[in-house]
Colleague: 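One structure, pasted below without further comment.
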Amino acid sequence: MTDVPIKIENIVSSASIGKEIELNEVSKALEDVRFNKEQFPGLVFKLKDPKTAALIFSSGKLVCTGAKSIKDSKIAINKTVDLMRTIDKDIPKKFDITIQNIVASANLEATLNLEAVAIELENTEYEPEQFPGLVYRLEDPKVVLLLFGSGKVVCTGAKTKDDAKLGVERAYDRLMQLELL
Amino acid sequence: MVDMGPEWRAFDHEQRDKRTRVGAPITYTIHDKGLSTMIDWRNKDIYGRDIPARNRAQWYRLRKWQRKIRISGATERNLAFALSELDRDSSRLGLPRSVREAASVVYRSAVDNKLIRGRSIEGVVAASLYAACRRCSVPRTLDEIAEVSRVTKKEVGRTYRFLARELDIKLPPTSPVDYVPRFSSELGLPGEVQSRAIEIIDQAMEKGLTSGRGPTGVAAAALYIASVLLGVRKTQRDVAEIAGVTEVTIRNRYKELTEELDMGGSLLSGL
DNA sequence: GCTTTAAAAAGTAAATT
DNA sequence: AATTTACTTTCAAAAGC
């Protein structure tokens, strides 16, 4: 398997503190908060470090986006929950954090003729009128890749860093065997 | 998945045959016309008398039949609506009858395979028309389709992808070449310019200068360059207007094409 | 399906300067 | 015409319409 380095660009994770929270109180207690129940049921909270955004729901579940590493994503959630604890002292210290999606970028170091790729490669969608990237859906690992004429690639949908890297490498090898690279 | 035939999969290099068509061809004959007798919802006959218990089984079967008839009646009304919608969109876009018919084939196929569920008739009609235009090499952009139909660009695109996947329609990416005749005639340019523009596009494609670029922008720039080379220059503004792109896009494509295909000298002599 | 969040890729667009 | 800002595509989760 050809080694292709990838860079993690964004991580989405979720967690549940196991008990309900009064969002109106959270919005008063925290800075950088936006909350419009009519618009969206979740409260939006922006954390400086790690630079992330969290969505907090009244059910006690939350979503964290924007982290550049799995560690940062977990740190961000823990910091956010720590702040929530100033409102409710009974929020548990321990809870599960699930990585839901990893977005990574990579460079195949060669230009691609997307018209040819669209015709030869399976499971692709290429509509340059709408978007310059070609969408390539991989079944194993189950990820979606965006291939560009420059050879740059975006991989999304992975749950682990290994799957993101494996997805890019499988795409690279497939393009190689079809002589598209 | 349903197979609409090889002509809709012109670029499917693998598995193009041995697939069996699903279901029988359906003709949209109005088969309940003249059926005025209703089967009552209650267990009464047309005179209001109770139906004998031993005949009820048969009665239920009749009601079941009528339910089917009612549904097919609605299906036909929907088809009539869809076809009128298709006619309206097609005429607004100035499309030939052949394209409209190709679109109706796609639409009927979508209906036959129950792909309308959860989707608006207008959306499926618009997407069918978008596909037919491409298939017939007289492409209309999603914006143009959205303009004449009452569907957003996003929905036309989404529905098109859905139909393409479900009906196994595999069309190659729209070539800038297919936009040349239309833009050219709308600009009142002679045939020689068209030929020259197509040559430029062919060269551009071979050098990978079209990957990721909008087909209309490439076609517009090629036409602009060709018009200059043949001494019948149109302004970038006019070309941009007809092609539905900005002058900035034409300039960007122009710069790239002239540099990569080294046409700088020729263009200078053309001026 | 939509609403909200974040991020990259590259093309196109629109508003400023 | 150069800058800046912004929208197109992909993904997942959250609660509710």
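The model shown is predicted, which means the values in this text are computed figures rather than measured ones. The sequence lines fix the lettering, A, B, ..., with proteins before strands; numbering per chain opens at 1.
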Colleague: Looking at A:Thr65, does any N or O in its side chain come under 4.0 Å of the phosphate oxygens OP1/OP2 on C:dT4?
Modeller: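 Answer no for this pair, as no side-chain N or O of A:Thr65 is under 4.0 Å from OP1 or OP2.
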Colleague: Between D:dA15, C:dA14, D:dA13, which nucleotide gets closest to the side-chain atoms of A:Val63?
Modeller: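 The answer is D:dA13, which lies nearest to the side chain.
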Colleague: Taking NZ, NE, NH1 and NH2 as the nitrogens, is one of them in B:Glu144 or B:Arg182 under 4.0 Å from a carboxylate oxygen of the other?
Modeller: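 Looking at B:Arg182 together with B:Glu144, the answer is yes, because their closest N to O distance falls below 4.0 Å.
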Colleague: Under 4.0 Å: is that the gap between some side-chain N or O of B:Arg158 and OP1 or OP2 of D:dT9?
Modeller: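 The answer is no; no side-chain N or O of B:Arg158 sits under 4.0 Å from OP1 or OP2.
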Colleague: If we take the P atom in both D:dA2 and C:dA9, what is their distance in whole Å?
Modeller: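 Rounded to whole Å, the distance is 22 Å.
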Colleague: Scan A:Val153 against the nucleic acid and name what it touches under 4.0 Å (heavy atoms): base, sugar-phosphate only, or nothing.
Modeller: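 Contact class for A:Val153: none.
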Colleague: A cation-pi test, strictly: NZ or CZ of B:Arg119 under 6.0 Å from the centre of the six-membered ring of B:Phe162 and no more than 45 degrees from its axis. Yes or no?
Modeller: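 Pair B:Arg119/B:Phe162 counts as cation-pi.
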Colleague: Evaluate the side-chain proximity of A:Glu169 to A:Thr2: yes if any heavy-atom separation is below 4.5 Å, no if none is.
Modeller: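 A side-chain contact is absent here, since even the closest heavy-atom pair is not under 4.5 Å.
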Colleague: Which part of the nucleic acid, if any, lies within contact of B:Gly212, taking any heavy atom under 4.0 Å across all strands shown: a base, the sugar-phosphate backbone alone, or nothing?
Modeller: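 B:Gly212: backbone/sugar contact only, no base atoms under 4.0 Å.
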Colleague: Could you tell me whether A:Ser105 contacts a base, only the sugar-phosphate backbone, or nothing, with contacts defined as non-hydrogen atoms closer than 4.0 Å?
Modeller: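 Result for A:Ser105 = nothing.
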Colleague: Taking OP1 and OP2 of D:dT9, is either one under 4.0 Å from a side-chain nitrogen or oxygen of A:Gln130?
Modeller: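 For D:dT9, OP1 or OP2 has a side-chain N or O of A:Gln130 closer than 4.0 Å.
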Colleague: Give none if D:dT3 has no partner; otherwise give the nucleotide forming a Watson-Crick or G-U wobble pair with it, both distances under 3.5 Å.
Modeller: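 Partner of D:dT3: C:dA15.
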Colleague: Taking only the side-chain nitrogens and oxygens of A:Ser150, find out if one of them lies under 4.0 Å from OP1 or OP2 of C:dA10.
Modeller: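 For C:dA10, OP1 or OP2 has a side-chain N or O of A:Ser150 closer than 4.0 Å.
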Colleague: Below 4.0 angstrom, which residues in residues 84-98 of chain A have at least one non-hydrogen atom near DNA chain D?
Modeller: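 Nucleic-acid contacts, sorted: none.
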Colleague: Taking only N and O in the side chain of B:Arg161, is any of them less than 4.0 Å away from OP1 or OP2 of D:dT10?
Modeller: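 For D:dT10, OP1 or OP2 has a side-chain N or O of B:Arg161 closer than 4.0 Å.
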Colleague: Looking only at atom C1', what distance separates D:dT3 and C:dA7, rounded to whole Å?
Modeller: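 Nearest-Å result for D:dT3 against C:dA7 at atom C1': 22 Å.
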Colleague: Quick check on D:dC11: is either OP1 or OP2 less than 4.0 Å from any side-chain nitrogen or oxygen of A:Lys159?
Modeller: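 No, because none of the side-chain N or O atoms of A:Lys159 sits under 4.0 Å from OP1 or OP2 of D:dC11.
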Colleague: Which residue lies toward the 5' end of DNA chain D, A:Asn10 or A:Ser59, if each is placed at its nearest nucleotide?
Modeller: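 Nearest-nucleotide comparison on DNA chain D picks A:Asn10.
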Colleague: Taking 4.0 angstrom as the limit, do A:Asp140 and A:Arg170 come out as a salt bridge?
Modeller: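 Here A:Asp140 pairs with A:Arg170 in a salt bridge, since their nearest N and O are under 4.0 Å apart.
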Colleague: So does B:Arg251 pair up with B:Glu247, basic N to acidic O under 4.0 Å?
Modeller: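 Salt bridge between B:Arg251 and B:Glu247, a charged N being under 4.0 Å from a carboxylate O: yes.
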Colleague: Give a yes/no on whether any side-chain N or O of B:Arg251 is located under 4.0 angstrom from OP1 or OP2 of D:dA2.
Modeller: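 Answer is no, no contact under 4.0 Å.
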Colleague: Reckon B:Gly214 touches a base, only the sugar-phosphate, or nothing at all at heavy-atom distances under 4.0 Å?
Modeller: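 Since only primed, P, OP1 and OP2 atoms lie under 4.0 Å of B:Gly214, the category is sugar-phosphate.
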Colleague: Taking the P atom in each of C:dA8 and D:dA13, what is the distance between them to the nearest angstrom?
Modeller: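 Here C:dA8 and D:dA13 have their P atoms 22 Å from each other.
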Colleague: On the nucleotide C:dG11, are OP1 or OP2 found under 4.0 Å from the side-chain N or O atoms that B:Arg253 carries?
Modeller: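 B:Arg253 to C:dG11 OP1/OP2: no side-chain N or O under 4.0 Å.
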Colleague: D:dC11 phosphate, OP1 or OP2: any side-chain N/O from A:Gln100 under 4.0 angstrom?
Modeller: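 False: A:Gln100 side-chain N/O out of range (4.0 Å or more) of D:dC11 OP1/OP2.
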Colleague: Kindly point out which of C:dT12, D:dC11, D:dT10 is positioned nearest to the side chain of A:Val135?
Modeller: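 Given the options C:dT12, D:dC11, D:dT10, the side chain of A:Val135 is closest to D:dT10.
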Colleague: Counting only side-chain nitrogens and oxygens, does B:Thr246 get under 4.0 Å of the OP1 or OP2 atom of C:dA13?
Modeller: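 Answer is yes, contact under 4.0 Å.
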Colleague: How long is the span from the CG atom in A:Leu47 to the NZ atom in A:Lys79, to the nearest 0.5 Å?
Modeller: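 Interatomic distance, A:Leu47 CG to A:Lys79 NZ, rounded to 0.5 Å: 6.0 Å.
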Colleague: Between B:Arg134 and A:Glu127, does any NZ, NE, NH1 or NH2 come within less than 4.0 Å of an OD or OE carboxylate oxygen?
Modeller: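 Between B:Arg134 and A:Glu127 there is a salt bridge, with a charged N closer than 4.0 Å to a carboxylate O.
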Colleague: With a 4.0 Å cut-off, would you call A:Lys161 and A:Asp163 a salt bridge?
Modeller: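 A:Asp163 and A:Lys161: not salt-bridged.
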Colleague: For C:dA7, does OP1 or OP2 lie under 4.0 Å from any side-chain N or O of A:Lys51?
Modeller: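 Looking at the OP1 and OP2 atoms of C:dA7, one of them is under 4.0 Å from a side-chain N or O of A:Lys51.
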Colleague: I'd like to check the side chain to side chain contact (heavy atoms under 4.5 Å, CB included) partners of A:Asp90; sequence neighbours left out, ordered by chain and number.
Modeller: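 A:Asp90 satisfies side chain to side chain contact (heavy atoms under 4.5 Å, CB included) with A:Lys19, A:Asp88 once adjacent residues are dropped.
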Colleague: Classify the nucleic acid contact of A:Ser16 as base, sugar-phosphate or nothing, counting any heavy atom under 4.0 Å across all strands shown.
Modeller: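 Nothing, no heavy atom under 4.0 Å.
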Colleague: Looking across every strand, which nucleic acid part, if any, lies under 4.0 Å from B:Gly244 by heavy atom: base, sugar-phosphate, or nothing?
Modeller: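 Sugar-phosphate: the residue B:Gly244, judged by heavy atoms under 4.0 Å, touches backbone atoms but no base.
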Colleague: Base, sugar-phosphate, or nothing: which does B:Arg119 touch, judged by heavy atoms less than 4.0 Å apart?
Modeller: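 Answer is nothing: B:Arg119 stays at 4.0 Å or more from every strand.
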